[in-house]
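Quick one: the structure is below, and I'll ask about it shortly.
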Protein chains: 2
Amino acid sequence: MTTSEVPDIVIGRLPIYLRALTLLHEEGHEFTSSQELGQKLGIGSAQIRKDLSFFGEFGKQGTGYEIKYLHDQISKILKVNRDWAVALIGFGALGQAVTNYGGFATKGFYIEAIFDSDPNKIGKTIEGRVIQDIANLVEVITRQKIKVAIIATPVQVAQQVADQLIAVGVQAILNYAPITLTVPSNIQVQYIDPVVHLQRMTYYLT
Amino acid sequence: MTTSEVPDIVIGRLPIYLRALTLLHEEGHEFTSSQELGQKLGIGSAQIRKDLSFFGEFGKQGTGYEIKYLHDQISKILKVNRDWAVALIGFGALGQAVTNYGGFATKGFYIEAIFDSDPNKIGKTIEGRVIQDIANLVEVITRQKIKVAIIATPVQVAQQVADQLIAVGVQAILNYAPITLTVPSNIQVQYIDPVVHLQRMTYYLT
DNA sequence: TAGATTGTTAATCGATTAACAATC
DNA sequence: TAGATTGTTAATCGATTAACAATC
């Protein structure tokens, strides 16, 4: 959440739009409208038009949006029209699942460095990448100029790992550890904690 | 997002509060304040007090909140002071990671039924649970009266799986498939798509 | 042209926050 | 008592939405 022209909540919806556009494209559609998109996403059509208007004019009156064009434009806005090198810290069950998940690479996020502290894991090769000693984190990430990291460590070390990452220039952290990280305001952090999502839903259950 | 007395955004913060309280408790603290909590979570203290005020009075002027008590109260509010049976649909790499993840059970979410469509997987036993044919989903979930489900299927079948789940009484869905599900307004859905989180952050990168 | 849909404005709605009396 | 912190009010801030002129 950085001070910015465009509200962060709008930025947060763009990947959702992108995902829907990808799906429509795969289904062979060529055009869509703010109404159709909104229906699919459970969002008002006005909101979609307003969100897009922060960045330019992407549609045509009467016909709507060309799906491929809008997809490319949003990709550019989000800077996902290129590849990003990602560091993964923690190669436990979760870190291994993250590594094996094909969805990152197909979207341009390549895990190019993996770290763990377990001597039994350090040195092993996983799909061409050697698991490195977390003691070398500072050196390796500095050298490779990696800007994006995924934390999949135990919760006890997550904050100190984050501190190290930030110290060597990482600007965006996807944190799987169940803890809110304390970071400077210019650092991006996103959280994945499935338990949080489940707990949010049980409130509504009868 | 159901029509409700308490704003859904407030409900969404309660699990975060719970997580912080758990941590403080584990660190041996006995009391905390809205200020301390807010600092740890990057949230204003007034917001925390306001959020809690929707449900009652849990603190004491001058001393703040007893951590264990507040934790228990929020647990009750969220209905996570009991166990929940969970169905898992899809036993690919992701579904397997979800099954092996210990974090669900320790928070009271027990995966009590696993479904897949692959004949090579159906019938196998995983930690005491047999992988069942997705063709039996309707029967099994109806019989076991399961209310919470996790979708970890390929994106192509996620919507139809969701439709089936809802038809047999599932009220809360945690969806790992990269698609926005269309569901009735009384059904809770939460999404986990790490790519969405990463794409949201790259916008801010230089 | 007639119909459809955009981009944008202004109104509405809702969430956050500052301030403070109450009180432990 | 003095200091600290709550719960709550009212003001501020920001996001959503309805409406419509413009135009494809």
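Keep in mind that this is a model prediction, so the values were computed, not measured. In what follows, every chain begins at residue 1, and chains take the letters A, B, ... in the order their sequences are listed.
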(request) Mind checking S45(A) for me? I need base, sugar-phosphate or nothing, with any heavy atom below 4.0 Å counting as a touch. (result) nothing

(message) Just so I know, are the side chains of K40(B) and L24(B) near enough to count as touching, which here means a heavy-atom distance under 4.5 Å?
(response) yes

(request) Could you check which nucleotide pairs with dC20(D) in any of the strands shown, counting Watson-Crick or G-U wobble with both distances under 3.5 Å? (result) dG7(C)

(request) Determine which nucleotide pairs with dG14(D), using a 3.5 Å limit on both distances of a Watson-Crick or G-U wobble pair. (result) dC13(C)

(request) Rounded off to whole Å, could you give me the CD-to-C1' distance for the E57(A) and dG7(C) pair? (result) 6 Å

(message) Tell me if a side-chain donor or acceptor on K121(B) pairs with a main-chain N or O of D116(B) at a distance below 3.5 Å.
(response) no

(message) If you assign T63(A) and Q61(B) each to the DNA chain D nucleotide with the nearest heavy atom, which residue ends up on the more 5' nucleotide?
(response) Q61(B)

(request) May I have the distance from Y65(B) (atom OH) to dT5(D) (atom P), rounded to whole angstrom? (result) 11 Å

(message) Without decimals, in angstroms, what is the distance between F58(B) CZ and dG7(D) C1'?
(response) 12 Å

(request) Quickly work out the E5(B) CD to dA15(C) P distance and round it to whole Å. (result) 12 Å

(request) Figure out the CG/C1' separation between D8(B) and dC13(C), and round it to whole Å. (result) 16 Å

(request) State which of dT16(D), dT9(D), dT8(C) makes the closest approach to the side chain of I9(A). (result) dT16(D)

(message) Taking the minimum atom-to-atom distance to the side chain of P7(B), which one of dA15(C), dG7(D), dA19(C) wins?
(response) dA15(C)

(request) Tell me whether the OP1 or OP2 atom of dT16(C) has a side-chain N or O from R13(B) closer than 4.0 Å. (result) yes

(request) Would you confirm whether Y191(B), through its side chain, and L181(B), through its main-chain N or O, come within 3.5 Å as a donor-acceptor pair? (result) yes

(message) Any base atoms under 4.0 Å from Q47(A), or only sugar-phosphate, or nothing? Heavy atoms, all strands.
(response) base

(message) Using whole Å, what does the distance between atom P of nucleotide dT17(C) and atom CD1 of I43(B) come to?
(response) 9 Å

(request) Would you check if there is a donor-acceptor pair between the side chains of Q159(B) and D163(B) at a distance under 3.5 Å? (result) yes

(request) Would you kindly check if the NZ (Lys) or CZ (Arg) of K79(B) is within the cone defined by 45 degrees around the ring axis of Y203(A) and under 6.0 Å from the six-membered ring centre? (result) yes

(message) As a test of reading the structure: which of dA19(C), dT6(C), dT9(C) is closest to the side chain of K50(A), going by heavy atoms?
(response) dT9(C)

(request) Check whether any side-chain nitrogen or oxygen of S34(B) sits under 4.0 Å from OP1 or OP2 of dT6(D), and answer yes or no. (result) yes

(request) Nearest whole angstrom, please: distance from the P of dT16(C) to the CG of D51(B). (result) 7 Å

(request) Provide, to the nearest angstrom, the distance between the CG atom belonging to L37(B) and the C1' atom belonging to dT6(D). (result) 13 Å

(message) Assuming nearest nucleotide by heavy-atom distance, tell me which of R49(A) and V10(A) is located more 5' along DNA chain D.
(response) V10(A)

